[in-house]
Amino acid sequence: MNKRTRRQFFIETGCFAGALALQPLMAKAQDTSAPLDMVVCKWKGEPIVEEPTREIAEKLTKKAIESLGGMGRFIKKGDVVWIKPNMAWDRTPEQAANTNPDLLRTVIELCFNAGAKTVKIGDNTVNDATKSYVTSGIANVAKETGAELIYIDRSRFKETDIGGERVKKIPLYPEIIESDIVIDIPVAKHHASTTVTLAMKNYMGVIENRRMFHQDLPTCIKDITAYMKPKISILDAIRVLTANGPTGGDLKDVKRLNIVAVSTDIVALDAFGSEILGYEPQKIGTVMKGFEAGLGQIDYKNKLKFQEIIV
Amino acid sequence: MKFKKPRSWTQWIRRLSQLIFFVLFLVLAWQLHFLEPGNNAEPYKIFFHLDPLIFLLTLLSTLSFITLSLLCLITVVVTLILGRVFCGWFCPFGAYHTFFSWLAQRGKKRKEYQSRTSAHRVKYFILFAMLGMSLFGGHWFGIFDPFSFFYRALSTGVFPAIHIGVEEASTAIYREDPKILGLRITKITEPIYQKLRTDIFRMTQKTFYTEGTIIFFTLILVTGLNFVRPRFWCRYICPLGSLLGIISQKPLLRLFNDENTCINCRQCSKACPAGAQPDQRGNWLPTECFVCWNCVASCKSDSISFQFQRLGKPKIKTGQLDYPRRTILTAMATGTVGMLGFRVVPQAKQGQPFPDMLIRPPGARMEREFLQRCIQCGACMRVCPTNAIQPTGIEAGWEALWTPKLVPKIGYCLYSCNMCGQVCPTQAIQPLTLAEKQKTKIGLATFDKGRCIPYSYGRECAVCEEHCPLSPKAIYLVEREVITRDGNVVKIKQPEVDPNLCIGCGICEWSCVFQDRAAIRVTCANESRNSKNQPILTFDTSYPSEVDSGSQNSPY
């Protein structure tokens, strides 16, 4: 464990005190403190599986982003925002193979409230986009909120130099790169080759020719993440897929956790995600690679300004 | 004697009717692609249900029929009363030919193509040859049925061609980004293209069909023949037209040519697209006539009219069908012999899984019965969301030409889709519920371990495992020690297929990193429809519900 700075000590103590205090007081305490790096919001009490996620997702997400300093910290007025959820599979929200649409709805609304000009949602899907966008419930959310649903056009990928360790040149989707900010919103899932698939792996959806990356996924994912320079990532752990990922399909493998985590540090977010799926972050290839490359911290509890909130 | 101007309002009503049915056909074919599981597909099959030829030949070859296809009796009754109005007023393919015949004749001096020639017999020959075939349990009428022909050409030729044209043109402009007077062309083309992509095509990818070129050119050929004779297809080839011709030998609505006023100018004969001899009094051919009203409109002396034959009134004489019984027998014999010719190939041996890559869509019947029903219309190819269903060439035998098969390299069978069975108008592919379809095996995946990366190159891969849609997955990973070139022992996760679980959807082959020849390939082994194609003895195996899951350790 590294030595704490005095400043960190004060903040952590403050946060601890704040967490103990009543909620309105806590909100005030945050306003005065410096912005946090990572927030984990949990739903109080036992998760009720049959309950719809809308209210929970909305409250958790709002609280998490608000605690991190609000969307205004990342989005300027007139920005073009690209939201990159997991929606690669023709699966329903209950099957937890795609990002929760209710969470996305809240994020899109927050983006618009922060002054975003356009919010685009898109993913380079595995199953056909026209199917998976609809089945995942995300097409509907886009319609409701006024976000633009982008169907990735395979002929428009542009070969780009990213100069990574393993990935030198890769077809990237120009529209994503040209956006002012990319918000990465994965769902926490099991994955047989990388053990878990989280925020870093979710960047596989902005590129083409990705199949060969499976020969060294951690390094390739690290390279792409480094190129994308994520400013904010949101982890959907409202429902998580614990086995037979990343496609899932069996509701027995889905666990209702009711957690939303937001972080400016993508590695820390993935470390947290691994923990909630029951794995040690140090044993996850992508997390370790990301940490070694200096993309972020694994020990989020001590190295970052971290807060856990029960909503 | 004063002559009137050719009157035309009936013609215009006919043209309107043709246009409506043509557009309806086109829209139904176009929209078919966007059907989702759970949508009602019945309205999309209406043209096939109205086709008495499909009904008749399916009845003869399978001795069964689909309830809704009894709708074709409407066509039969209408034809008995009004003659071949179906061809002139309602048939969308007829409308298509009407347009091109008009285009071919526009601005030219009209020629008479009126007299009955032996070429008119060809369509009867085709019809009876196919009847002969279907009596012996097989048929090829999907190749010639006008709806199948047109539908197939649209779904595997014309529609993909439009999509390819639009996408390649706009991508070329997008990549070049040319400017005219400082104005970027992409500013105009891109919004139009994006609009087309998201609202009209609603497809993220272009579709391709293995036999698409040939099918596309059959349509072009048939279109071009309109320049040889007006409505060439309808006159000489169309077996549905000939069936309706046989039904309409003595229709109630008949052409009446008044000999008192007729000036023998032969304008009616020149206007006739069918060669039905409207000028030859008492020898008008109801079996050829499309009841298109062109002759009535062209008549300068108003002597031609269509009249109902009423009881007790003098008979309006008509010409006879020129197809003697002996010729009918010849045609049927030819068809039967042709059928036997189709059957001498090993593919036609019952239960023979040959070729191994012949993966039929889920719900397809046993091969023989499947071929008896399939009309090669291409509806399943149009509806398939992944472009997986492709027209078969002659590799499955000539008898199976242009029937559907899955080519996993092009597309895979989407786990959550069962639409091919829903849209099949003859139930060659049975309509399965989604739950049934997900249990129906269409093939089995096998690894080519000489190519598969974790086996032959000592690296991780497992893309196929990632894509496998089953839960638990049919592809599982086994960690094994592999010795690398420098003598190091590394642990590599190697994929294996569980033959009890694999349904042969082919997403593993589709997703394999080897794009030339996949290292995991699906063959039709294990397919549920064929009891002779079951190489794997089933063991009752139980599967751990949480394979390699860390969730027990989760603090949450």
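Naming convention: chains lettered A, B, ... in sequence-line order (proteins, then strands); numbering from 1 in each chain.
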Problem - Heavy-atom neighbours of A:Lys283 NZ exceed 12 at 6.0 Å - result: no

Practice task
Check whether NZ of the Lys or CZ of the Arg A:Arg156 lies under 6.0 Å from the centre of the six-membered ring of B:Tyr174 and within 45 degrees of that ring's axis.
Solution key: yes

Is the shortest heavy-atom distance from the side chain of [X] to the side chain of [Y] under 4.5 Å?
{"X": "A:Gln215", "Y": "B:Ile453", "answer": "yes"}
{"X": "A:Arg154", "Y": "B:Lys206", "answer": "no"}
{"X": "A:Phe213", "Y": "B:Val513", "answer": "no"}

Handout entry: No-hydrogen, no-angle side-chain donor-acceptor test under 3.5 Å, B:Glu460 and A:His214
Key = no

Exercise for the section: Decide whether A:Asn127 and B:Tyr415 meet the rule of one side-chain donor and one side-chain acceptor closer than 3.5 Å. Expected result: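 Absent: no donor and acceptor within the cut-off.
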
Has the side chain of [X] got a donor or acceptor atom that lies under 3.5 Å from a matching backbone atom of [Y]?
{"X": "A:Lys131", "Y": "B:Glu36", "answer": "no"}
{"X": "B:Ser471", "Y": "A:Asn244", "answer": "no"}
{"X": "A:Arg211", "Y": "B:Ser511", "answer": "yes"}

Practice task
Evaluate the side-chain hydrogen bond (donor to acceptor under 3.5 Å, both in side chains) criterion for residues A:Thr247 and B:Lys473: first the C-alpha distance (whole Å), next the side-chain angles of each, then the deciding distance (0.1 Å), finally the verdict.
Solution key: CA-CA 9 Å; A:Thr247 50; B:Lys473 284 172 186 281; 2.7 Å; yes

Fill in the blank from the handout: Max heavy-atom pairs within cutoff under 4.5 Å with chain B, candidates A:Ser155, A:Ala88, A:Ala97, A:Gly249, goes to A:Ser155

Practice task
Flag the one option from A:Val240, A:Leu217, A:Asp153, A:Asn209 with the top tally of heavy-atom pairs under 4.5 Å to chain B.
Solution key: A:Asp153

Exercise for the section: Measure the NE2-CD distance between A:His191 and B:Glu465 for me, rounded to the nearest 0.5 Å. Expected result: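 A:His191 atom NE2 to B:Glu465 atom CD measures 7.5 Å (nearest 0.5 Å).
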
Practice task
Rounded to the nearest 0.5 Å, what's the gap from CD on B:Gln205 to OG1 on A:Thr130? Could you check?
Solution key: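 Atom-to-atom, B:Gln205:CD and A:Thr130:OG1 are 8.5 Å apart.
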
Under 4.5 Å from any heavy atom of chain A - which part of [X]:
{"X": "B:Glu168", "value": "neither"}
{"X": "B:Phe201", "value": "neither"}
{"X": "B:Ile507", "value": "side chain"}

Choice from [options] maximising heavy atom contacts with chain A below 4.5 Å:
{"options": "B:Trp510, B:Phe34, B:Tyr476", "result": "B:Trp510"}
{"options": "B:Arg197, B:Arg459, B:His467", "result": "B:Arg197"}
{"options": "B:Leu414, B:Leu470, B:Thr198, B:Thr386", "result": "B:Leu414"}

Exercise for the section: Please step through salt bridge (Lys or Arg N to Asp or Glu O under 4.0 Å) for the pair A:Glu159 and B:Arg175, ending with a clear verdict. Expected result: CA-CA 12 Å; A:Glu159 197 90 356; B:Arg175 291 214 185 278; over 6 Å; no

Completion exercise
Tightest non-hydrogen contact, residues B:Glu466 and A:Pro246, listed as CG-CG, 3.3 Å

